[in-house]
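Notes follow once the structure below has been shown.
Just so you know, ligand 1 is whichever comes first in the structure, and atom 1 is the first atom listed for that ligand. Predicted model only: the values in this text are computed from it and were never measured.
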Amino acid sequence: MIRRKLLGVFILSCALGLSAQEKKSFTIDISHPTGNISPNMWGVFFEDINLGADGGIYAELIKNRSFEFADPFMGWKKLGEKIGEGTFLVLNRKDKPNNPRFLRVNTSLSSEKVGLQNEGFRGMGIKQGLRYDFSVLYKQAVPGITLRLQLVDTLGSVIGESTLRPEKTGTDWQKQQISFRAAKTEPKAKLVLWFEGKGTLDVDMISLFPEDTWKNRPGGLRKDMVQLLADMKPGFIRFPGGCIVEGRDLANRFQWKKTVGPIEDRKLIINRWNTEFKHRLTPDYYQSFGLGFFEYFQLAEDIGAEPLPILNCGMACQFNTAELVPIDELDEYVQDALDLIEFANGDTGTKWGKLRAEMGHPLPFNLKMLGVGNENWGPQYIERLEVFKKALNERYPNIKIVASSGTDPEGERFEFLNKELRRLKVDFIDEHYYRSPDWFLTHANRYDAYDRQGPKIFAGEYAAHTDRTAGTGNRNNWKAAIAEAAFLTGVERNADVVGMASYAPLFAHVDGWQWTPDLIWVDNLQAYGTPNYQVQKLYAINKGTHVISVRMDNVIPSGQDGLYASAVLDSKTNEAIIKVVNHNDYPINGSFNIQTKENLAKEVEHIVLTAGLAEENSIQHPNKVSPKIDKVTLKGKTIISDLSPYSFHIFKIKIK
Ligand code: AHR
């Protein structure tokens, strides 16, 4: 009878959720910081992958604006009932080797009206009421042709139009611009150009930009995408990649000098992600370099991030052609690195400093670090790195050198490079890990025993992959994001050795991606941060200045009983900030005892990020998985708080 009663009480208390909750107690010692946190600890990794630049953050709406794609008419459609022979001719001139092609339009050769339609990058995102700036380079002997511009929606209805009458004549190229407003919002608009009147007109660099670019810069960047970066308060921005630095072959490597100066003189090349994955072929993916090295530096400055350019070290992607530059021919590559430092920091009297000033930035960009090679490996890499290091150290001893530890965070290749890079005393070892959520959960202690004397670590590319690396099934869900949150407690705890960290890749277009998962997804009109973005952002905006110790039953909480924790002190805001992850499918009752003689404010800010493991954000529900903020009250110097299943918590305690 008594047994039955007890059973009844147990069932009832379970039903009411009154079952005894597992309790865990943490001790945080705020009086003895264990390491400094670099101000640029948490940053972003930018690469033109997944339509990250062209078709993404670079706000140009016209695809193949200079007819330089392998197929000069890719992205363009000729319009007209009877297009006469020779009406549209692609000419290739000698005097513009970086942009040889232009289009000659001769309307006299057609009996009916002719035009061109540009499809944009998976359409053009157009916003009602917004101003659009159309421009074109043209040349004509005599006036004859007028351009009628029409933005059309998916049904072909005109949603914005204007007319541009080329005014100047002669043999020189002229630029003319006209602006107009859109009457309707349309995510997949196209631009139609009707060539009206009889005559011959040469055109090139046909361009359309929205007015609402970041900082309203003409020909600038997509504001919503930059804003998401700025909101993370990133400490650095790594650019331009990634494998794009290496290129499939050396001819198609990233060469920064070809990305600066007037945009019509920047040499377009095929984007390596155009052909990389057979299952995600993207034949219309090119690099126009409208977002070039000047713009990368400017972006870094705008969002308060240290610039971290990565340069080719004389090796093409070792997954592709693996072409090598002979060691005795490395000069050009090394010179590119030296010249880049002059471009960023040099006096305006120097060749490259002068160009920077002419482009609108006389003051230096204050470059402090440079990466030599991306995901390169083997003795061939070390040989080349040594040549770069010698030249860079001699000329610019204060520039820190970031070197690659290959593609994997363990294994023979990694071990070899790790040893060699320490021998060479590089400043940062760039580690990459694209691994399963389980790997992240079981490696939160990766850096606890790392060498404190040698180079710092740059966790340069990481992401939890729920399916398989380079597969199409990886999801930006909470399962991946909470595993990263757990792992990052270990990165934060070891901030004295891990100096920088960034998730990769950064951007993906919902209609044009090659790689998943990615930190931020966009369509033509909107952008949203994934749960992974929310995690990185929470770390970045709560980074603190000093590491302090957290113990759970006298041990570092790095996965025991599914719990992870780290803590920092912020000497600027006078706060202690605790981060804790409960990776259990049941709640934990946490008590956090703050050891200090200081007085603490009673009210503690509590930020929680939690969701079902399969939950994701989306264009329709951009904030489904996003942080919630509430307050908890200190009991003495202890926080008592329930940690719900699969949750990431931040407690911010004011020190009075
Ligand atoms: O982030 C995507 C790719 O992953 C990068 O280009 C490369 O460095 C890594 O293999």
May I ask you to check whether [Y] and [X] place their ring centres under 6.0 Å from each other?
| X | Y | answer |
| --- | --- | --- |
| Trp439 | His443 | yes |
| Phe254 | Phe239 | no |
| Tyr447 | Tyr450 | yes |

Original post:
Within the side chain of Asn617, is there an N or O that forms a donor-acceptor pair under 3.5 Å with the backbone of Val625?
Top reply: yes

Are any of the N or O atoms of [X] closer than 3.5 Å to those of ligand 1?
| X | value |
| --- | --- |
| His432 | no |
| Ile49 | no |
| Asn374 | yes |

Original post:
Does a side chain donor of either Asn474 or Asp467 reach within less than 3.5 Å of an acceptor in the other side chain?
Top reply: no

Original post:
Partners of Arg423 by salt bridge (charged side-chain N to carboxylate O under 4.0 Å, His left out), sequence neighbours excluded?
Top reply: Glu386, Glu420

**OP:** Counting heavy atoms only, name the option from Phe45, Tyr462, Tyr434 that's nearest to atom 2 (C) of ligand 1.
**Re:** Tyr434

Considering non-hydrogen atoms of the protein only, which is the closest contact for [atom], and what is the distance?
| atom | value |
| --- | --- |
| atom 10 (O) of ligand 1 | Glu375 OE1, 2.7 Å |
| atom 6 (O) of ligand 1 | Glu47 OE1, 2.6 Å |
| atom 8 (O) of ligand 1 | Glu461 OE2, 2.7 Å |

Subject >> Region of Trp273 engaging ligand 1 - heavy atom pairs below 4.0 Å >> reply: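 Just the side chain.
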
Subject >> Within-shell test, Gly241 vs ligand 1, heavy atom, strictly < 4.0 Å >> reply: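 No heavy atom of Gly241 comes that close to ligand 1.
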
Original post:
Taking only residues at least two apart or on different chains, which pairs with a member in residues 308-332 satisfy salt bridge (Lys or Arg N to Asp or Glu O under 4.0 Å)?
Top reply: Arg253-Glu332

